[in-house]
Amino acid sequence: MIKDALRSLKKDLDRAVFYWLVFVLSSMFMFTFFHLALSEAVGVTFIYSNNDLPTFLTVFDVFVCIIVIFLANDFYVKKKSQELAVILICGGTYLQLVQFLLLQTGVLMILSIPVGIGLGCLCFPALSVLLKSMSRYEIRLVLGTQSVVLTACVIFMEVFWCTMLNLGYAYRNSICALLRQENETKTRIFPVIRTKKFRCIYPLLYFGCAALLYTCGDGPERMLLLGCAGTAGLWGCIHKILVPGLEKTVSQRWSDDGEKLVYMGLFREDLKMSFVYMVLFISSANILCAMMAGTVGNSGEFALCLISFAVVIPLLAMSFMFRFATEASGRKKQFATLLKIGYGESRIRRIKTRELMCLYGFVMGSSLVYIFSIVLVLAVSGLIPAGVAVVILVIFTASLGICGMINRRQYI
């Protein structure tokens with residue numbers, strides 16, 4: 001069983017590397033951010049909560065890391081369902097199934113945690129220099145007992161619950177359920193308002209809140225509330241308007257355009273598949289930008305928000321990339337069918353490229369509606385330098401752009 005698990009890990013190396021990287025980056029970020037937040041300069045105290053915004057920011061960032069790990073683990077394990085079904089068909093027991101599953105996820109977790117903590121320690125000098133240049137006072141980052149204990153507790157909780165979820169997944173699924181699971185990994189979308197009459201509320205909420213951002217030059221703290229409301233509007237726009245609209249119009253509007261029919265159909269499936277990832281990514285970007293807007297008067301807190309944005313956004317972009325890469329790896333049969341009915345390889349490459357352009361373009365465009373508005377208002381009002389506004393936009397666009405190019409290379 002050990003050889004089978006390692007052979008399966010080697011066979012599915014690309015997906016395993018993505019899964020491992022998510023654990024590495026999450027562990028590294030939590031380790032460094034706990035040390036940064038609990039340093040003397042920032043002074044977060046989880047018992048007395050003297051610093052409200054840094055405490056909230058720390059909890060928010062750690063929560064995002066935990067969610068990213070759980071989502072990556074859940075999808076990685078579900079994509080192993082056919083191999084688990086084969087083990088059961090061949091007479092394997094539940095204990096052998098557990099052994100096969102835990103050997104793969106356990107090896108990746110064990111290898112990722114020390115690497116993440118080691119990279120976090122290497123980041124201490126660079127973070128100290130960066131914070132000194134931004135906040136104009138020196139911050140020394142050294143290993144602290146409380147930070148190490150908190151990081152260890154969070155990582156232990158992650159590993160424990162991921163292990164329990166994997167055991168439960170192996171126990172509750174039969175052979176038939178595991179065989180079907182490969183095609184049932186799309187995210188379930190929970191309705192917000194069921195009545196069709198109220199669909200117009202969502203675009204009004206989304207674009208209305210974006211427009212109200214331009215009135216917040218004298219009160220940037222209001223941007224956080226508008227960012228959260230806008231995210232709720234985006235949730236409804238995707239679920240209630242965009243996806244149902246594509247389901248009705250793809251086969252009708254583009255029946256004469258074979259390429260567009262295919263890539264818009266795939267784009268529709270991508271929206272369903274990555275709905276939670278998209279909302280988590282866009283809402284985190286909006287909330288972190290809005291929090292930066294509320295801390296422009298405090299250089300230390302503003303630097304903390306900017307560092308959080310610079311780390312959380314690439315981490316979420318990688319998680320989104322991992323989700324798409326894992327889903328795309330199961331489309332070989334669909335594209336083989338296209339080859340058989342006359343689609344050439346060049347046309348299929350073009351279809352894949354346009355599908356990714358639609359997906360990443362939608363995520364980037366819907367996010368920049370708020371991010372660009374926030375940084376523009378702050379820059380025009382003189383609350384942040386124009387250089388910082390450019391850095392925020394570059395971090396966001398570069399993270400998505402690089403992940404999109406990696407997805408395209410692997411997809412094609």
Side-chain angles (χ1 to χ4, degrees), residues 12-26 28-29 64 68 71-72 75-76 79 112 115 119 185 187 238 259-260 262-286 288-289 309-332 334-335 338 343-372 375 390-412:
D12 201 14
L13 190 59
D14 289 346
R15 193 179 299 161
V17 168
F18 281 130
Y19 180 66
W20 178 78
L21 279 175
V22 170
F23 262 97
V24 168
L25 293 177
S26 299
M28 179 187 74
F29 179 54
V64 169
V68 166
L71 290 173
F75 202 70
Y76 179 80
K79 283 297 179 179
S112 65
V115 174
L119 290 175
T185 55
T187 305
I238 298 173
E259 288 186 16
K260 197 167 187 178
V262 175
Y263 73 73
M264 289 303 293
L266 292 173
F267 172 57
R268 177 193 60 203
E269 296 304 309
D270 293 336
L271 289 177
K272 295 179 182 179
M273 168 268 298
S274 56
F275 180 77
V276 171
Y277 288 78
M278 288 171 55
V279 172
L280 178 63
F281 181 80
I282 296 169
S283 61
S284 298
N286 292 345
L288 287 172
C289 272
F309 186 86
V311 179
V312 168
I313 294 305
L315 176 64
L316 289 172
M318 279 197 61
S319 177
F320 184 76
M321 177 183 68
F322 169 72
R323 180 67 170 92
F324 179 84
T326 307
E327 179 68 19
S329 64
R331 292 179 175 173
K332 294 178 181 179
Q334 298 177 21
F335 289 112
L338 291 177
Y343 282 76
E345 292 185 359
S346 60
R347 292 186 71 188
I348 291 179
R349 282 197 296 269
R350 195 158 53 241
I351 286 170
K352 292 179 178 180
T353 301
R354 290 178 179 176
E355 176 198 351
L356 280 170
M357 288 176 64
C358 289
L359 180 61
Y360 276 88
F362 175 79
V363 175
M364 187 174 293
S366 55
S367 303
L368 285 176
V369 168
Y370 277 77
I371 295 174
F372 181 78
V375 298
V390 172
V391 167
I392 293 171
L393 294 175
V394 168
I395 289 172
F396 180 80
T397 54
S399 300
L400 266 184
I402 292 171
C403 289
M405 288 187 288
I406 294 173
N407 266 151
R408 181 183 180 277
R409 181 179 178 83
Q410 186 190 33
Y411 197 20
I412 292 178

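Throughout, residue positions are numbered sequentially from 1 according to the sequence presented.
- Atom SG of Cys358 and atom NZ of Lys260 lie 8.5 Å apart (nearest 0.5 Å).
- Checked against side chain to side chain donor-acceptor pair (under 3.5 Å), Tyr360 has the following partners two or more places apart in sequence or in another chain: Asn407.
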Only pairs under 3.5 Å count here: list side-chain donor-acceptor contacts from residues 312-321, not counting sequence neighbours, and write none if there are none.
none

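- In this structure Tyr263 satisfies the ring-ring contact (aromatic ring centres under 6.0 Å, His included) test with no other residue, sequence neighbours excluded.
- The local environment of CD in Gln410 is crowded, with over 12 non-hydrogen atoms from other residues, nucleotides or ligands closer than 6.0 Å.
- Side-chain atoms of Lys352 do not come within 3.5 Å of backbone N or O of Arg408 as any donor-acceptor pair.
- Every residue meeting the side-chain contact (heavy atoms from CB on, under 4.5 Å) condition with Phe372, not counting sequence neighbours, appears here in chain and number order: Leu376, Leu393.
- In this structure, the separation between OH on Tyr411 and CZ on Phe324 is 4.5 Å, given to the nearest 0.5 Å.
- Residues forming a side chain to side chain donor-acceptor pair (under 3.5 Å) with Arg350 (at least two apart in sequence, or on another chain): Glu259.
- In this structure, the side chain of Ser26 does not engage the main chain of Phe23 through any donor-acceptor pair within 3.5 Å.
- By the side chain to side chain donor-acceptor pair (under 3.5 Å) test, Thr397 pairs with no residue at all, sequence neighbours left out.
- Here the CE atom belonging to Met364 is positioned 6.5 Å from the CG atom belonging to Leu368, to the nearest 0.5 angstrom.
- Not a single ring-ring contact (aromatic ring centres under 6.0 Å, His included) links Phe309 to another residue, sequence neighbours left out.
- Atom CG of residue Leu359 and atom CG of residue Leu266 lie 10.5 Å apart, to the nearest 0.5 angstrom.
- Residues that satisfy the side-chain contact (heavy atoms from CB on, under 4.5 Å) test with Leu338, not counting sequence neighbours, are Val262, Phe335, Ile341, Tyr343, Ile348.
- Contacts of Val24 classified as side-chain contact (heavy atoms from CB on, under 4.5 Å), with partners at least two apart in sequence or in another chain: Trp20, Ser112, Val115, Leu119.
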